[in-house]
Amino acid sequence: VFAEGQKGDVARRRVVIACAAALTVGGTIFGGAAVLRYEATPGTSAAPPPDWPPTSRIERRAGAAQIVFFAHPKCPCTRASFAELEAALRLADAPTDVVFVFHRPKDAGADWERDATIEARRRFPNARVFVDVGGEEAKLFGAETSGHALLFDADGRNLFSGGVTGARDHIGDNVGRRALVEALRSPPIEPVRRVVFGCPLFEPEAAEGPDVGGDGR
Amino acid sequence: LSEERERRVEALLKATLDRKRIRADRLFVWLFIAQWAFAILLACVLSPFSWQGSIRTVHPHVELAIFGGLVLNALPCALIVLRPGRRSTRTTVAVAQMLWSSLLIHLTGGRIETHFHVFVSLVCIAFYADWRLLIPATFTVAVDHFVRGEFWPESVYGTATPEWWRFLEHAAWVMFEDFILILSCRRAIADARAVADREISLNEAAVRETELKIAERSTEIRANALHATTEQYRALLEATAAVPWEFDPASRRCVFIGRQVERLWGWPHERFDQEDFLLHCVHHGDRQRVMAAFDKSATSEESSIEYLLRRADGSFANVRTLFTRAEVEDGSHVVRGVTIDVTAQRKLEIELRQAQKLESVGRLAAGIAHEINTPIQFVSDSVHFVRDASQDLLKLVDAYEDLRRSVVANEDARPAAELLAKTREDADFDYVRENVPAALDRSLDGLRRVAVIVRSMKDFSHQDEAEMAQADLAKAIESTLVIARHEFKYVADVVTEFEPLPPVTCHVGEINQALLNIVVNAAHAVGDVVKGTGGKGLIKVTARRDGDDALVTVSDTGGGIPEKIRDRIFDPFFTTKEVGKGTGQGLAIARASIEAKHGGSLTLESVMGRGTTFFIRIPIERRVAEPAGERS
């Protein structure tokens with residue numbers, strides 16, 4: 001089948017090769033661009049609360065910096081966010097309480113919580129898992145995209161809000177993670193905001209709140 | 001030669017590399033398919049869906065894996081299938097493979113470990129053993145790095161703010177691998193070249209070996225053919241009665257002799273290996289002659305000699321040997337020849353000659369009978385006369401007796417005397433006294449003439465002795481003329497002029513036969529001329545010494561021999577006479593005898609209308625190289 005000359009005449013072969021070349025070259029350029037666009041397009045976020053929302057049912061541990069990490073348990077992109085969060089905590093080397101808030105749609109069954117990602121987070125040191133049924137807490141904290149991390153200092157003041165990855169499902173050093181590390185090491189005067197890369201926590205019609213965006217990069 | 005070899009090595013190397021590269025092409029097809037499947041699997045496992053709250057949709061990574069894989073595989077796979085082994089194909093493959101690295105890195109979320117795919121891909125590309133491919137591959141990586149490093153550095157360098165030398169660091173690692181792989185490719189090509197070189201050498205060795213085998217086989221075939229030919233020659237040589245041999249005069253041995261020597265003469269052929277055995281077999285009387293002939297014969301000149309060869313049973317065979325002296329490689333000489341048993345031939349020749357003689361005698365018989373008849377006639381007349389005379393004389397004697405008795409008885413003697421006188425008168429005594437001695441003389445003369453003819457015939461018909469003997473040539477000519485007298489006496493007068501000649505060593509019978517043939521021919525020639533004229537021609541026979549030879553000439557006054565047949569008259573069975581008058585053998589036999597046997601010559605001079613002279617030249621002493629003649 002590989003033998004030259006067995007695939008019809010030269011012209012037919014040229015056509016096949018030309019088509020394949022067009023597909024490869026065009027596909028590479030346009031597909032590559034589309035992929036980059038997809039991965040580099042951040043999700044939406046609402047304005048984070050300047051302080052720990054008092055109505056939140058998430059317990060705030062006094063006297064310690066606290067990270068609230070919103071995640072969609074099924075979102076594959078969030079794996080990278082978890083990894084980067086861990087990296088940031090390791091880099092900052094500061095005692096921090098972490099609460100993983102997993103979104104659970106209202107209509108989702110109990111088996112929604114029987115998820116490997118949630119179970120993995122439960123085993124995370126100094127971490128708690130909170131299942132946010134219906135996205136109530138997310139709305140309180142202004143989180144709309146999976147992978148959204150919020151840092152509060154021991155007084156409940158918001159220091160950081162945003163994602164810790166440079167693209168969807170993309171690990172590696174990035175401005176979000178760096179900002180979080182900086183915030184952990186030395187609390188900024190003004191809260192830092194970064195864009196979040198991940199799956200939306202809410203269905204399209206349920207998404208609300210302003211798209212704050214951020215400097216992104 | 002070395003250029004040609006180099007060309008062959010290069011051709012073989014190219015063929016090897018082409019095969020290797022087509023194999024690599026095929027490998028890449030499977031690799032592309034495997035990568036595609038892996039990418040889809042990876043996407044399905046790692047990020048099957050993207051979610052919006054509770055709504056899930058197929059994750060773009062899955063689509064990316066499916067369509068991106070298709071896009072990346074389309075061109076290289078098409079080229080591999082349609083144009084395997086080409087550089088453009090493998091260049092495309094190299095570029096696509098490097099893009100696969102980017103795709104897989106994306107699908108794994110930029111895991112640093114997935115970057116190893118770049119290095120593995122470079123190694124895979126090195127399977128092509130074409131270091132040039134590393135350039136587009138590296139270039140692709142560089143472009144990918146540059147573009148993404150420029151716009152999205154963390155996806156390349158793992159940091160959002162890479163140092164300025166990060167690009168160089170990455171490039172250095174890739175270059176380092178490229179360097180190693182280039183060395184590896186070059187090494188692989190060098191190895192392939194060495195293998196090709198070795199293969200060519202082995203091929204050459206194999207070709208040489210094959211050629212050697214072919215040469216050996218040809219030699220074998222040639223040797224077999226030679227053997228067959230030799231056997232054929234041997235069979236051919238030994239099938240005949242001609243015995244080939246080679247004699248080395250230095251060692252006086254036969255180097256070679258045909259095996260038929262055993263069949264023909266009873267000698268085992270190995271015995272001729274012994275010194276002097278060949279000469280031992282030669283009759284002692286011929287030995288000196290044979291040795292001298294072998295020693296003296298000129299190189300490359302064929303000579304022949306006849307001699308007697310002793311058979312194993314002690315009898316002798318007449319053999320004729322044709323031989324040449326040849327110079328062999330070391331400068332010495334050998335004598336090579338064939339020996340033919342001519343015993344039967346000699347016997348036949350003798351019988352033929354004898355028959356020829358008898359035929360001559362038979363042919364001349366009438367004439368000879370006439371020659372004998374004439375003297376017999378007058379002898380008979382004379383004897384009759386003497387007989388009658390003797391009866392008258394006896395009567396006369398009786399008359400004398402009666403007279404004596406009358407006288408003794410003292411009777412009357414007169415009647416007795418008268419009777420005596422009458423008887424004497426009746427007997428014609430005086431006539432008788434006068435003529436009886438003459439009649440007796442005539443008878444004696446006639447008887448002498450008859451005796452001469454008979455003796456001549458006897459001499460003529462006499463079978464020759466084996467050896468030549470000394471003979472009185474004049475006497476021989478005389479007796480031949482006696483035999484032939486009747487042939488010429490009515491047409492020619494014969495004049496003989498004989499100068500004193502020493503005895504000539506010859507087979508006189510054969511000389512007689514030759515002379516007879518010539519004289520009879522002369523008589524016929526003269527006869528043809530004088531026929532009807534009543535005149536007579538002349539036949540002149542002379543004999544004299546000419547140096548070491550005896551020269552006999554026979555001249556006639558016949559019509560001469562036409563120029564155009566002069567060369568043919570000595571040919572056997574050539575004759576111009578009418579049927580029954582000649583067989584055409586006479587002159588042929590005459591020349592054969594005189595030249596071959598006696599070493600002499602028989603020539604002629606002829607003038608048309610004047611006559612012909614034959615010259616018979618015979619050596620007085622027998623010469624060494626002359627054949628011994630038949631003795632069996």
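Just so we're on the same page: letters track the sequence lines, and every chain starts at 1. Here the structure is a predicted model, which means the values were calculated and not measured. Values below: all heavy atoms of this structure, side chains included; hydrogens, waters and symmetry mates excluded.
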Q: Mind running side-chain contact (heavy atoms from CB on, under 4.5 Å) on S161(A) and V192(A) for me, showing each step along the way?
A: CA-CA 6 Å; S161(A) 171; V192(A) 177; over 6 Å; no
Q. Should T78(A) and F69(A) be marked as a side-chain contact (heavy atoms from CB on, under 4.5 Å) after you check the CA-CA gap, both sets of side-chain angles, and the distance that decides it?
A. CA-CA 10 Å; T78(A) 310; F69(A) 189 94; 4.0 Å; yes
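If you tally non-hydrogen atom pairs under 4.5 Å between each of G53(B), A74(B), S102(B) and chain A, the highest count goes to G53(B). The greatest number of non-hydrogen atom pairs below 4.5 Å with chain B, out of V16(A), V25(A), T24(A), I17(A), is found for T24(A).
Contact of L201(A) with chain B is made through the backbone alone, with heavy-atom distances under 4.5 Å. Within the 4.5 angstrom heavy-atom criterion, atoms from both the backbone and the side chain of A21(A) approach chain B. For chain B, the nearby part of P105(A) is the side chain; its heavy atoms alone come within less than 4.5 Å. Residue R104(A): no heavy atom, backbone or side chain, is found under 4.5 Å from chain B. Only the side chain of L64(B) comes within contact range of chain A, with heavy atoms under 4.5 Å apart.
Using a 30° and 60° split on the angle between ring planes, F28(B) and F32(B) fall in the tilted class, from 30° to 60°. Below 30°, between 30° and 60°, or above 60°: for F119(B) and F116(B) the angle between ring planes is between 30° and 60°, a tilted geometry.
More than 12 heavy atoms of other residues, nucleotides or ligands shown are found within 6.0 angstrom of CZ on R122(A).
A donor-acceptor pair is defined here as one N or O able to donate and one able to accept, closer than 3.5 Å; no such pair exists between the side chain of T117(A) and the backbone of D115(A).
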